[in-house]
2 protein chains.
Amino acid sequence: MKGSVAGAKITGPPRVHDVQRLRRRLDAHMRQRGLRSTDQRRVIVDTFFDIDEHATIDRLAELVRSRDPRIGYATVYRTVRMLVASGVAKERRFGDGHTRYELADEQAHHDHLICLACGRITVFEEPSIEPVRQRIAERHGFELHEHKHELYGLCEQCRKG
Amino acid sequence: MKGSVAGAKITGPPRVHDVQRLRRRLDAHMRQRGLRSTDQRRVIVDTFFDIDEHATIDRLAELVRSRDPRIGYATVYRTVRMLVASGVAKERRFGDGHTRYELADEQAHHDHLICLACGRITVFEEPSIEPVRQRIAERHGFELHEHKHELYGLCEQCRKG
DNA sequence: ATTATTGCAAATATTTTGCAATAAC
DNA sequence: GTTATTGCAAAATATTTGCAATAAT
């Protein structure tokens, strides 16, 4: 089902990605490793920065192709992998079988509410939980690197409808 | 790579699954839907109740086959799906590409610490977060059904090693 | 010139299903 | 007897890669 991705729009407080900083980080990553700047990568990266969606590779490839139809799926795939490796993108799996990608949030971590009925993804921030996580990690001798906190249920529309 | 599943043992406080209750729930589920009790299902379900692991289908099938080699992968797969449908098993994806299953925890929710180096899965309970989750859900008009809270990092051994 | 990148098609990996044979009810 | 279940093999999904052609440095 490569062509039929449900459009998972984001709702919630408008987030300000520090796009400039992320672009610099990507540039540094590429420079350090001798990775080359190509037309394809520029289009893919620009598209990824433009969309405010938890996009799948398929969805991103679709958008990329609307800008340049000659760019192949594999190139989109490999470029996204590069984005993840550089820390610019985060991989998310919400359990519907589609791996999604979003811009890394440099300022604050955010987590997700996922509607079980319509698949809508809403972001939230709850900094008060962070120290609790730290405490849990310590209690288990664990060095905490990252986390996922996902709340599943019914969104406002789906409760009513 | 169907045969090569890293053995992700559980560490942490010994959990007491209310196995009796879960078995009754499964029985009720099966009765209600006219599902039949077969030798294969009995072996698979017993095996699943016996192991205290976040097992993949492959791992479960392996253990099942050590009890009865004639039971096919598809039957294990479909039986696990039945367990999930009845609420007796929970599906977990920790991002290593292997979907895992564990007994549902009727008494208390538990969440997971996952070591990024060795894959070790440790469970934890932190009831104090529950009201925070409720508050987040309410704030977004969301009816909360379930959640995932996963902490990724390095376990004690891997920090030292 | 050298080496990374691209795009295709093919390989992997995993999950899911069609169907004839079998077994539970 | 009727209908669910099994087990195989095959289909469906999703992800990843080999390689010859191409492009960036």
Side-chain angles (χ1 to χ4, degrees), chain A residues 1-6 8 26-27 29-45 47 54-62 64-65 67-86 89 91-101, chain B residues 1-6 8 26-27 29-45 47 54-62 64-65 67-86 89 91-101:
Chain A
M1 235 215 253
K2 274 203 175 169
S4 71
V5 172
L26 178 58
D27 289 347
H29 176 88
M30 292 179 73
R31 222 177 310 111
Q32 279 167 12
R33 317 201 174 202
L35 303 179
R36 292 171 183 176
S37 183
T38 65
D39 288 347
Q40 290 92 331
R41 282 183 178 168
R42 273 188 292 276
V43 172
I44 295 164
V45 171
T47 305
H54 292 74
T56 59
I57 304 271
D58 284 355
R59 173 68 177 144
L60 181 58
E62 189 183 296
V64 163
R65 286 226 180 78
R67 298 187 184 190
D68 182 344
R70 289 166 311 171
I71 297 176
Y73 178 91
T75 303
V76 177
Y77 167 78
R78 285 185 278 227
T79 301
V80 168
R81 192 160 56 179
M82 178 184 75
L83 288 168
V84 171
S86 71
E91 199 176 282
R92 300 287 177 194
R93 290 166 212 249
F94 296 129
D96 64 348
H98 297 283
T99 303
R100 296 171 186 280
Y101 298 87
Chain B
M1 234 210 253
K2 274 203 178 174
S4 73
V5 172
L26 177 59
D27 288 347
H29 176 87
M30 292 178 73
R31 221 175 311 111
Q32 278 166 15
R33 316 200 175 204
L35 302 178
R36 291 171 184 178
S37 184
T38 65
D39 286 349
Q40 290 94 330
R41 282 184 178 167
R42 273 188 292 276
V43 172
I44 295 164
V45 170
T47 305
H54 292 72
T56 59
I57 303 272
D58 283 356
R59 174 67 176 143
L60 181 58
E62 189 184 295
V64 163
R65 285 224 182 78
R67 299 190 182 188
D68 183 345
R70 289 166 309 172
I71 297 178
Y73 178 91
T75 303
V76 178
Y77 168 78
R78 285 186 278 227
T79 302
V80 168
R81 193 160 58 180
M82 177 184 77
L83 288 168
V84 171
S86 70
E91 200 176 281
R92 300 287 178 195
R93 290 168 211 251
F94 297 129
D96 64 348
H98 297 282
T99 304
R100 294 170 187 282
Y101 297 87

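All chains are named by letter (A, B, ...) in the order of the sequence lines, taking the proteins before the strands, and each is independently numbered beginning at 1.
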Expressed as a whole number of angstroms, how long is the span from [X]:[atom1] to [N]:[atom2]?
X	N	atom1	atom2	value
A:H98	D:dA12	NE2	P	16 Å
A:R70	C:dG7	CZ	C1'	12 Å
B:E91	C:dT15	CD	P	9 Å
B:Y73	C:dG18	OH	C1'	17 Å
A:M82	D:dT16	CE	P	16 Å
B:L83	D:dT5	CG	P	13 Å
B:F94	C:dT14	CZ	P	17 Å
A:D96	D:dT15	CG	P	10 Å

Establish, with yes or no, whether the OP1 or OP2 oxygen of [N] is under 4.0 angstrom from a side-chain nitrogen or oxygen of [X].
X	N	answer
A:R41	C:dT6	yes
B:T99	C:dT14	no
A:Y77	D:dT16	yes

message: Base, sugar-phosphate or nothing for A:I71? Non-hydrogen atoms, less than 4.0 Å.
response: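 If one applies the 4.0 Å heavy-atom cut-off, A:I71 turns out to touch the sugar-phosphate alone, with no base involved.
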
- prompt: Got a sec, which residues hit side-chain hydrogen bond (donor to acceptor under 3.5 Å, both in side chains) with A:R81, two or more places apart in sequence or on another chain?
  reply: A:Y77

- request: Check side-chain hydrogen bond (donor to acceptor under 3.5 Å, both in side chains) between A:R65 and all other residues, then give those that pass, not counting sequence neighbours.
  value: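 Applying side-chain hydrogen bond (donor to acceptor under 3.5 Å, both in side chains) to A:R65 gives none.
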
- prompt: In terms of the nearest nucleotide of DNA chain C, which residue is placed more toward the 5' end: B:A74 or A:I44?
  reply: A:I44

statement: Note: for A:G34 and B:R81 on DNA chain C, the residue whose nearest nucleotide lies more 5' is A:G34

Any residue meeting salt bridge (Lys or Arg N to Asp or Glu O under 4.0 Å) with [X], in chain and number order, not counting sequence neighbours:
X	value
A:D27	none
A:R92	A:E102
B:R31	none

- request: Pick out which of B:E91, B:R59, B:H54 makes a side chain to side chain contact (heavy atoms under 4.5 Å, CB included) with B:R100.
  value: B:H54

Contact pattern, 5' to 3', of nucleotides 19-25 of chain D - B, S or - by protein heavy atom under 4.0 Å: ----BBS

message: When the axes are fitted on five pairs at both termini, how much does the helix from C:dA1-D:dT25 to C:dC25-D:dG1 curve, in 10° steps?
response: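 Its terminal axes enclose an angle near 30°.
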
message: Looking at B:R41 and B:R36, would you say the former's side chain and the latter's main chain have a donor-acceptor pair under 3.5 Å?
response: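 Yes: the side chain of B:R41 pairs with the backbone of B:R36.
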
query: Taking only residues two or more places apart in sequence or in another chain, which ones pass side chain to side chain contact (heavy atoms under 4.5 Å, CB included) with A:T47?
result: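 Per chain and number, A:T47 pairs via side chain to side chain contact (heavy atoms under 4.5 Å, CB included) with A:V43, A:L60, A:L63, A:V64, A:R67.
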
message: Once side chain to side chain contact (heavy atoms under 4.5 Å, CB included) is applied, do any residues pair with A:D39, and if so which ones, sequence neighbours excluded?
response: A:R42

